[in-house]
Asker: 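Here it is, the structure in full.
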Amino acid sequence: MDNSVFARHDSRLKEFRRPFGAAREGESIRLYIEAQGVARAKLRLWRENRQEIIEGEKCGGGFTFAFLTGGAGIIWYYFILETKDGTRYLGSSSPLGCGDSRISENEPNSWQITVYQARFETPESAKGAMAYQIFPDRFFKRGRGGLARTQRREALNWDTVAHEDWDEEVMYTPLPNKRDYDPCDFYGGDLDGISAKLDYLAEIGVTHIYLNPIFEAQANHRYNTGDYHRVDEMLGGEEALKRLIAEAKKRGIRLMLDGVFSHTGAESAYFNKTGRYPGLGAYQGEGSAYYSWYGFEHFPDKYACWWGFESLPEVNELDRGYMAFIAGVVDHYAKLGIDSWRLDVADELPDEFIAFLRRELKSRCRDGLLIGEVWEDASTKCGPNGRRRYTDGHELDGVMNYPFMEAVYGFLLNRIDAPELALRLTALRQNYPKAFYESSLSMLSSHDTLRLLTALSGAPDRNAISREEQAVYRPDADMLRIGKKRVTQAQLIQLLHPGIPCVYYGDEAGMEGMADPFSRRTYPWGKEDEEIKGRFMTIARLRRESDAIRYGKCCFAYKNEDVFIILRSMEKSCAMGIVNRSGREKSFYIDRSDFSYGPDADGVMLDTGVSDVLDGGSKTGENGRMFIRIKPYSAMLLC
């Protein structure tokens, strides 16, 4: 390629693109490319399955382009360059649709602009928030807790294995004389147990408790709902929920329930496969008020079920009777004081149903959060009918930010380097509306993943070893030592990162575990890992007290492939996290110019008078520069 041809565009820099990131409907977009040896330049847009070409206007040492966003959706763009040697293309150097550029002779990667509805807004309660996810049976119990309340299960003739010993291993094999594993073992954790630990949660800055399902159900995970209007007796029932809501409110903490609306349990009041509930379920025939909820290919035993599990019959979410029923469920819990929901398998719920749920929730609880379980980039997620509309502004407030988790894991486990981590996190901030991104849950693990410590200690892939091997798996001593340091590094990034950090119960205590059910063990009260928890508490308390961390501008930087830096600043205060993933000490200078990419590059402030609260190294500062010396496998928190 002719070296006399030069062109550049970078979606992260204001001189090339205004505004940064997602844009509202009808907003004006201005793009710029630097160019040498280019006679003409055109902008190629792709939106709503149609192409649009815009001629560039000469400006200084390059070309400018301007257009209006139009309606909600995704706009893809790259540039067409006319040179003396023919047509060339300027596209993104990354498949993420973000960042710097590359000239090519063939159609390149496009950059992305997400367009969302002008009236989209998210709750004020999401700003500066922090969430804590609790698997109710495994967090804490008052007395014998749920183990003293099994009458309802006995009446429904459901198998129940009671663990009197809180530290006993979870059950993972079938019961005697049973073919399949049934998650029917309980430890007795209950809602009053959560109430007893609210002061601890408030101390670390928690503003939202995300509860795995609490409705009556056959399994300990309760994703096979039996009765949406009945809080499980083992958790203390509705009266215990009311007590928890009241006590949480005193501490400024809200509850977010897990809405499992894509399927019910076969053992439910609505399907009633074995007839254990009174009344007619869909399995009893067309006389049931719930019959139209389900899809029978051949009545009664061949029906649509979630991922092939006959115990989880799927519902038709757009059935008018079902929608009216779910509106009643939302209303019931809103009257108790529940204003937020997390939608299980949101990618399996129709867009129309999610939009309906948003309307129902916001009409009752304007400040409530609606979070979707989406594992990929939610702005470009596609389903059988095309692109999903999560980020358009009329569905979700945010998502469970699994791409954030994957990026942090990738960096700490040496799968990607620091520049790539910065690019991935910036791409997410670019692709999501700002309010959407800041309302999403920045997670490091959940009930569906390996435990944080286990993953960062180099655990094998969950599908690479058997369940029996997972039950006894423990990292070796050397990897566990490094893993503990990585946990602090990950949590530092998480708690300083924009969005709602969501801590899975026990990760801050050093809990271990492979995949479900081993990631769902009981919280080790009194047996926490002091090294991990001590550093977590330091970071969490500082976040709770720091406006700069909770509300301030944010920039990322890197000094080499091993050192990642995140800076939060607000007015005259700042906090900076530095992570050295390598086994060697690193030394370097930092100044304001290192934080030049992203939406907040103009406004961040670097204070050289800060000191490290984690003792991960040393720093000296003068004339707007800092000299950093950071220890191997360590993190620094300068504030």
Side-chain angles (χ1 to χ4, degrees), residues 1-25 27-116 376-377 379-382 386-387 391 419-420 422-424 426-433 597-599:
M1 188 175 297
D2 188 348
N3 291 330
S4 65
V5 175
F6 167 80
R8 187 187 179 212
H9 177 80
D10 192 323
S11 65
R12 300 169 294 178
L13 298 175
K14 62 180 174 55
E15 55 262 40
F16 292 109
R17 174 165 153 180
R18 286 179 182 268
F20 173 86
R24 295 183 182 274
E25 291 177 319
E27 191 167 3
S28 176
I29 305 293
R30 297 191 65 83
L31 304 177
Y32 176 72
I33 63 170
E34 292 179 354
Q36 297 174 9
V38 177
R40 295 174 63 194
K42 300 175 183 178
L43 171 66
R44 186 266 197 184
L45 301 179
W46 183 263
R47 50 180 165 185
E48 298 301 322
N49 296 317
R50 63 181 177 84
Q51 177 177 273
E52 182 179 343
I53 302 295
I54 297 175
E55 189 78 29
E57 181 178 327
K58 273 278 192 181
C59 180
F63 297 84
T64 61
F65 308 82
F67 60 94
L68 298 177
T69 55
I74 300 292
I75 298 174
W76 300 100
Y77 71 92
Y78 61 76
F79 303 93
I80 303 170
L81 313 177
E82 297 300 331
T83 76
K84 65 179 183 179
D85 295 317
T87 300
R88 299 290 184 266
Y89 300 92
L90 183 68
S92 174
S93 59
S94 167
L96 296 172
C98 175
D100 217 330
S101 55
R102 177 182 296 126
I103 297 176
S104 63
E105 297 182 1
N106 301 305
E107 188 167 329
N109 294 320
S110 294
W111 286 278
Q112 177 181 335
I113 300 174
T114 303
V115 183
Y116 60 99
E376 302 84 7
D377 183 326
S379 67
T380 54
K381 171 76 176 181
C382 289
R387 177 184 164 269
T391 59
E420 179 68 12
L423 179 64
R424 291 192 185 190
T426 303
L428 286 169
R429 294 178 75 192
Q430 172 190 283
N431 294 348
Y432 289 175
Y597 291 103

Asker: Do Thr380 and Trp76 come close enough that some side-chain heavy atom pair is under 4.5 Å?
Answerer: yes
Asker: Consider side chain to side chain contact (heavy atoms under 4.5 Å, CB included). Of Glu107, Arg88, Lys42, which one does Ile80 pass it with?
Answerer: Lys42
Asker: Looking at Ile29, Leu43, Ile54, which hits side chain to side chain contact (heavy atoms under 4.5 Å, CB included) with Tyr77?
Answerer: Leu43
Asker: Looking only at heavy atoms, what is the nearest atom pair of Ile103 and Ala7, with distance?
Answerer: CD1-N, 3.6 Å
Asker: Not counting sequence neighbours, which residues clear side chain to side chain donor-acceptor pair (under 3.5 Å) with Asn109? List them please.
Answerer: none
Asker: Flag the pair Arg387 / Lys381 as yes when at least one side-chain heavy-atom distance between them is below 4.5 Å, and no otherwise.
Answerer: no
Asker: Quick check against the 3.5 Å criterion: does Ser93 have a side-chain atom that pairs as donor or acceptor with the backbone of Asp100?
Answerer: yes
Asker: Work out which heavy atom in Ile113 is nearest to a heavy atom in Phe67; give both atom names and the distance.
Answerer: CD1-CZ, 3.9 Å
Asker: Side chain of Ser94, backbone of Gly97: donor and acceptor closer than 3.5 Å?
Answerer: no
Asker: May I ask you to test the Tyr597-Leu423 pair for a side-chain heavy-atom distance under 4.5 Å?
Answerer: no
Asker: Mind listing the closest non-hydrogen atom pair of Phe63 and Val38 along with its distance?
Answerer: CZ-O, 3.7 Å
Asker: Are a donor atom and an acceptor atom from the side chains of Ser11 and Gln430 found within less than 3.5 Å of each other?
Answerer: yes
Asker: Would you compute the distance between atom CZ of Arg8 and atom CZ of Arg102 and round it to the nearest 0.5 angstrom?
Answerer: 13.5 Å
Asker: Would you compute the distance between atom OG of Ser92 and atom CG of Asp10 and round it to the nearest 0.5 angstrom?
Answerer: 8.5 Å
Asker: Check whether more than 12 heavy atoms from other residues, nucleotides or ligands sit under 6.0 Å from atom CD of Glu57, and answer yes or no.
Answerer: no
Asker: Is there a side-chain contact between Gln51 and Leu45 in this structure, where contact means two heavy atoms from C-beta onward sitting under 4.5 Å apart?
Answerer: no
Asker: Go through it in stages, so that I can follow the logic: the residues are Trp46 and Arg44, the test is side-chain contact (heavy atoms from CB on, under 4.5 Å), and I'd like the CA-CA distance, side-chain angles, deciding distance and then a yes or no.
Answerer: CA-CA 7 Å; Trp46 183 263; Arg44 186 266 197 184; 3.3 Å; yes
Asker: Could you work out, with side chain to side chain donor-acceptor pair (under 3.5 Å) as the rule, every residue matching Glu48, not counting sequence neighbours?
Answerer: none
Asker: State, without any angle test, whether Ser104 and Asn106 hold a side-chain donor-acceptor pair at a distance under 3.5 Å.
Answerer: no
Asker: Let's go through Ser379 and Gln112 carefully: what are the C-alpha distance in whole Å and the side-chain angles of both, what is the deciding distance for side chain to side chain donor-acceptor pair (under 3.5 Å) to 0.1 Å, and is it a yes or a no?
Answerer: CA-CA 10 Å; Ser379 67; Gln112 177 181 335; 3.0 Å; yes
Asker: Taking all non-hydrogen atoms of both residues into account, name the closest pair between Ser110 and Tyr78 and its distance.
Answerer: OG-CD2, 3.4 Å
Asker: Within a strict 4.5 Å, meaning less than it, do heavy atoms of the Asp85 and Glu105 side chains meet?
Answerer: no
Asker: Do you know which two heavy atoms are closest between Glu25 and Ala72, and how far apart they sit?
Answerer: OE2-N, 3.3 Å
Asker: Over all heavy atoms of both residues, which pair between Arg47 and Thr69 is shortest? Give the atoms and the distance, please.
Answerer: NH1-O, 2.8 Å
Asker: Between Arg40 and Glu55, does any side-chain N to carboxylate O distance fall below 4.0 Å?
Answerer: yes
Asker: Could you go through the side-chain contact (heavy atoms from CB on, under 4.5 Å) check for Leu31 and Phe16 one step at a time?
Answerer: CA-CA 5 Å; Leu31 304 177; Phe16 292 109; over 6 Å; no
Asker: Side chains of Phe79 and Trp111: closer than 4.5 Å at any heavy-atom pair?
Answerer: yes
Asker: Applying side-chain contact (heavy atoms from CB on, under 4.5 Å), run through Leu90 and Glu34 and close with a yes or a no.
Answerer: CA-CA 11 Å; Leu90 183 68; Glu34 292 179 354; over 6 Å; no
Asker: Would you confirm whether Arg17, through its side chain, and Gly21, through its main-chain N or O, come within 3.5 Å as a donor-acceptor pair?
Answerer: yes
Asker: Quick test of your reading: applying ring pair (Phe, Tyr, Trp, His ring centres under 6.0 Å), list the pairs with at least one residue in residues 91-110, sequence neighbours left out, ordered by first then second residue.
Answerer: none
Asker: How far apart are the C-alpha atoms of Thr426 and Phe20, what are their side-chain angles, what is the distance that settles it, and do they pass the side-chain contact (heavy atoms from CB on, under 4.5 Å) test?
Answerer: CA-CA 10 Å; Thr426 303; Phe20 173 86; 4.0 Å; yes
